Amino acid sequence: MSTKKDTVLVSGGAGYIGTHTTVALAEAGYDVVVIDNFSNSEPSAIEGVEKILGRKICFKQVDTCDKEALRGVFERHDFSTVIHFAAYKAVGESVSEPLKYYQNNLVSYMNVLELMKEYKRPNVLFSSSATVYGNADVLPVTEKTPRQDATSPYGNTKQIAEDILRDCCHAYEGFHGIALRYFNPIGAHPSSLIGELPRGVPNNLVPFITQTAAGIRERLSIFGNDYDTPDGTCLRDYIDVVDLAKAHVAAVDRMTEGKMEAGYEIFNVGTGTPLSVLELVNRFMAANGVNVPYVITDRRDGDVPAVWADTTTANNVLGWKAERDIDDTLRSAWAWEKHVRSL
Ligand code: UD1
């Protein structure tokens, strides 16, 4: 007999990870309330989610920085859990406009937490990042690997938000928090109805690759091939966004089924397998049968040579494991780019 599952509020649910997570939650039987202010996403993303699910979802255009508007969502909906995605994420922009990042990312987060406390909503899932590990001395990184000083205001907002959550879970009875530290999310839903929609020139590697393959960008710049890595380019842990979405479902299950061992828990969400930039570009070309012209350029400021996840805790405690084959992921990224161009 299946029991009815809780309702989950997804802030920033029209974004790249938010849309995939909304689909995964709904498919797992959760009721979902989605909010977004479309500051870095489009209404078409919600339409894509609805097409995949074959039904309308509960969506409200709300800015999480607007506490009274957010209060209205808490008044009207009886969710036990919030997944807080709503945040800016451009590392370079955060360096030139720190106040914009601290204001948006922290004020919205504080609003969510304050209202959760006030309305006695116990569970929060926070989108953190492997960026908190900085340039780690020992690889792969475990959740116990010491964090390093953030190299950007964006990275700092992730560290501060983790600490705020830890303190709330310690102080407020019944309050539970999980921080998922994402490695490098890539790819798109197999339907090609949702995916990453960068505005302007992409900062991240895979959207830049797909736009170059599509002829929108002349060539990809590979930022440095003189790192102390096997082929000289940086190593990262590229995690399929559908697998990442399922990690959120596992974390929500854990919170709502009372399985947490502590008030606050952290999980690495990666594959555990590093790939170099050059390997990724070559695999993309081979998997899709397309050419991606590239040049090697100088290193990008702030890039770490290598980071990948030890996924033991996510596998054994969260009960989640990355499953999608990297070539399928890279095919899904290209299929999504072609879908976007055909609109
Ligand atoms: C970046 C952020 C990280 C953030 C994550 C969100 C930095 C330093 N880090 O991670 O804080 O959480 O995005 O998705 O910005 N590359 C190229 N050419 C490109 C783009 C990227 O060679 O045009 C290389 C980079 O040097 C890096 C790898 O590809 O080695 C991955 O880059 P990217 O996708 O931007 O992710 P991260 O830098 O790992």
Side-chain angles (χ1 to χ4, degrees), residues 12 15-18 20 40 85 87-96 101 105 126-136 139 141 147-162 179-187 195-213 216-241 244 268-271 274-284 292-309 329-330 333:
Y16 175 42
I17 303 170
H20 289 83
N40 192 25
F85 290 114
Y88 293 150
K89 61 169 188 179
V91 176
E93 186 189 41
S94 81
V95 175
S96 53
Y101 274 67
N105 292 9
F126 176 66
S127 300
S128 192
S129 167
T131 195
V132 302
Y133 295 116
N135 191 10
L139 292 166
V141 290
R147 298 184 319 189
Q148 295 191 354
D149 285 348
T151 53
S152 70
Y154 159 81
N156 207 18
T157 63
K158 294 295 178 195
Q159 299 210 3
I160 294 168
E162 284 193 353
L180 296 182
R181 290 179 177 161
Y182 311 154
F183 283 69
N184 290 61
I186 62 166
E196 193 167 2
L197 261 184
R199 286 186 178 164
V201 182
N203 295 309
N204 295 114
L205 179 60
V206 169
F208 206 106
I209 290 176
T210 58
Q211 290 196 5
T212 307
I216 298 156
R217 313 280 157 211
E218 203 177 328
R219 66 180 76 85
L220 168 75
S221 296
I222 293 184
F223 299 138
N225 67 351
D226 56 353
Y227 286 97
D228 184 17
T229 59
D231 65 19
T233 66
C234 295
L235 296 173
R236 293 289 184 275
D237 184 335
Y238 295 95
I239 173 75
D240 184 279
V241 69
L244 175 59
N268 282 343
V269 189
T271 64
L275 267 187
S276 77
V277 176
L278 211 46
E279 281 172 321
L280 192 88
V281 174
N282 286 328
R283 286 191 84 139
F284 179 89
V292 179
Y294 66 81
V295 284
I296 308 290
T297 62
D298 288 346
R299 293 179 177 195
R300 179 172 70 177
D301 274 354
D303 276 344
V304 298
V307 64
W308 70 95
T329 302
L330 294 172

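All ligand and atom numbering here is 1-based and tracks the order in the structure. Everything numeric in this text was worked out from a predicted model, so none of it was measured.
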Among all protein non-hydrogen atoms, which one is nearest to [atom], and what is the separation to 0.1 Å?
{"atom": "atom 39 (O) of ligand 1", "result": "Arg236 NE, 2.6 Å"}
{"atom": "atom 32 (O) of ligand 1", "result": "Arg300 NH2, 3.5 Å"}
{"atom": "atom 37 (P) of ligand 1", "result": "Asn184 ND2, 3.6 Å"}
{"atom": "atom 16 (N) of ligand 1", "result": "Phe223 CD1, 3.6 Å"}

Worksheet item: Taking N or O atoms only and a 3.5 Å limit, does Ile222 qualify as a polar contact for ligand 1?
Response: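 N/O-N/O distance below 3.5 Å does not exist for this pair.
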Worksheet item: Any nitrogen or oxygen of Asn204, main chain or side chain, under 3.5 Å from a nitrogen or oxygen of ligand 1?
Response: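 Between Asn204 and ligand 1 (N or O atoms, distance only) the closest approach is under 3.5 Å.
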Discussion item. For the aromatic rings, using the six-membered ring if either is Trp, is the centroid distance between Tyr154 and Tyr101 under 6.0 Å?
Written reply: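 No - the distance between ring centres of Tyr154 and Tyr101 does not fall below the 6.0 Å cut-off.
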At under 4.0 Å between heavy atoms, which part of [X] makes contact with ligand 1: side chain, backbone, both or neither?
{"X": "Tyr154", "answer": "side chain"}
{"X": "Leu220", "answer": "side chain"}
{"X": "Tyr238", "answer": "side chain"}
{"X": "Val91", "answer": "side chain"}
{"X": "Pro202", "answer": "neither"}
{"X": "Leu205", "answer": "both"}

Under 4.0 Å from any heavy atom of [X], which atoms of ligand 1 are there?
{"X": "Cys234", "result": "30 (O)"}
{"X": "Ser129", "result": "12 (O)"}
{"X": "Asp303", "result": "8 (C), 25 (C), 26 (O), 38 (O)"}
{"X": "Thr131", "result": "11 (O)"}
{"X": "Val277", "result": "22 (O), 24 (C), 28 (C), 29 (O), 30 (O)"}
{"X": "Ser221", "result": "17 (C), 18 (N), 19 (C), 22 (O), 23 (O)"}
{"X": "Asn203", "result": "20 (C), 35 (O)"}

Item to complete: For side-chain hydrogen bond (donor to acceptor under 3.5 Å, both in side chains), just list the numbers for Asn204 and Tyr16, CA-CA rounded to whole Å, side-chain angles, deciding distance to a tenth of an Å, and then say yes or no.
Response: CA-CA 13 Å; Asn204 295 114; Tyr16 175 42; over 6 Å; no
Note, [X] side chain near [Y] side chain (heavy atom, < 4.5 Å):
{"X": "Leu280", "Y": "Leu330", "result": "yes"}
{"X": "Ile17", "Y": "Pro185", "result": "yes"}
{"X": "Asn203", "Y": "Val91", "result": "no"}

Is there a donor-acceptor pair closer than 3.5 Å between any side-chain N or O of [X] and the backbone N or O of [Y]?
{"X": "Asn105", "Y": "Tyr88", "value": "yes"}
{"X": "Gln159", "Y": "Gln148", "value": "yes"}
{"X": "Asp237", "Y": "Phe183", "value": "no"}
{"X": "Arg299", "Y": "Asp226", "value": "yes"}

Item to complete: Decide whether the shortest distance between a heavy atom of Lys89 and an atom of ligand 1 is less than 4.0 Å.
Response: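 No, Lys89 has no heavy atoms under 4.0 Å from ligand 1.
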Discussion item. On a heavy-atom basis, which atom in Gly187 and which in Val241 lie closest, and how many Å separate them?
Written reply: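 That closest heavy-atom pairing would be O-CG1, 3.4 Å.
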Discussion item. Minimum heavy-atom separation for Asn135 and Pro305, please, with both atom names.
Written reply: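 Here Asn135 and Pro305 meet closest at OD1-CD, 3.5 Å.
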Fill in: Derivation of the side-chain hydrogen bond (donor to acceptor under 3.5 Å, both in side chains) call for Thr271 and Tyr238
CA-CA 7 Å; Thr271 64; Tyr238 295 95; over 6 Å; no
